[in-house]
Every structure is written in C-alpha cells, then in structure tokens.
Amino acid sequence: MKNLFFLLSFLLTPYCYAQTDRYTVDALVTPKVPARIITVGSARADIPGFTNEAIQRAVDALPPNGGTVKMDAGEYKMKAPVRLPSN
C-alpha cells in the first residue's frame, strides 16, 4: 500500500500544481460579498434605539470579517462602554 501511494504521488506530481504558466493574473480581485453596513438610531434603522445597547447589538451583529455601523443623527444615552472586537 505504501509503495502504491508513493508511486501515485510520484506520477501525479506534475499535474498537482495549483498554478501553471498558462494562467496569469492581470487585475486585482474584487470581493463578491459587499461590506456589511448596519444602521442604528431612528425607527427606520436596522436596529432602532439611541442607546449604547443598540450600538452594541449592531457591533455584535457584524460578521467576523468586519463591517460598518452607521449611527443616525441624534443624542445617544450611553450608560456603559461599547465593546469592539479586536482587529
């Protein structure tokens, strides 16, 4: 069995390269998923409310790769800090 595995890996090695000279990259890749934007504040916002709890819920709802929290104009009542994930 070991000999068969060694033989197959030896014979298939030239065909296993991820990139060959036939393919070239000539432009940057654009992301397929747009950045996530969550709004906070008014009644028509994604998360209504003018408190630190509403802001924290928006931050927690962002995907692991990040996003943006947009706050509507207004006066926010902050009773506690808003915790942001690292990076």
Side-chain angles (χ1 to χ4, degrees):
M1 186 67 164
K2 288 182 182 180
N3 292 337
L4 179 63
F5 177 74
F6 178 74
L7 180 63
L8 284 176
S9 64
F10 181 74
L11 292 174
L12 295 176
T13 300
Y15 303 104
C16 295
Y17 291 114
Q19 188 173 356
T20 64
D21 294 334
R22 294 181 299 176
Y23 302 104
T24 58
V25 178
D26 61 353
L28 294 175
V29 177
T30 57
K32 293 183 179 183
V33 178
R36 179 76 193 262
I37 300 173
I38 300 176
T39 57
V40 177
S42 66
R44 58 180 195 274
D46 295 325
I47 300 179
F50 290 94
T51 63
N52 63 304
E53 290 94 356
I55 299 170
Q56 187 66 58
R57 276 186 269 146
V59 169
D60 294 341
L62 291 173
N65 58 347
T68 304
V69 174
K70 287 191 175 184
M71 298 168 50
D72 291 339
E75 187 174 315
Y76 289 82
K77 295 183 181 180
M78 304 297 287
K79 297 178 184 176
V82 175
R83 306 280 182 195
L84 302 177
S86 63
N87 294 330

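All heavy atoms count here, side chains included; hydrogens, waters and symmetry mates do not. Predicted, not measured: the structure shown is a model, and the values here were computed from it.
- What you find for Asp72 and Ala45 is that their closest heavy atoms are OD2-CB, 3.8 Å.
- Thr51 contributes no side-chain N or O that, together with a main-chain N or O of Lys77, makes up a donor-acceptor pair within less than 3.5 Å.
- In plain terms, the two heavy atoms of Val59 and Arg83 that are nearest each other are CG1-O, 3.8 Å.
- You'll find the side chain of Ile38 stays beyond 4.5 Å of the side chain of Arg57, heavy atoms only.
- Residues Ile55 and Tyr76 approach most closely at CD1-CD2, 4.0 Å, considering heavy atoms.
- Residues Pro48 and Ala43 share a closest heavy-atom pair of CB-CA, 4.2 Å.
- Side-chain contact check for Ile37 versus Lys70: some heavy-atom pair is nearer than 4.5 Å.
- Side-chain atoms of Gln56 and Asn52 form no donor-acceptor pair, as typed in the model, at a separation below 3.5 Å.
- Atom OG1 of Thr68 is separated from atom CG of Leu62 by 7.5 Å, given to the nearest 0.5 angstrom.
- The nearest pair of heavy atoms linking Ala54 to Gly49 is CB-O, 3.7 Å.
- Counting all heavy atoms, side chain and backbone alike, Glu75 lies closest to Phe50 at O-CB, 3.5 Å.
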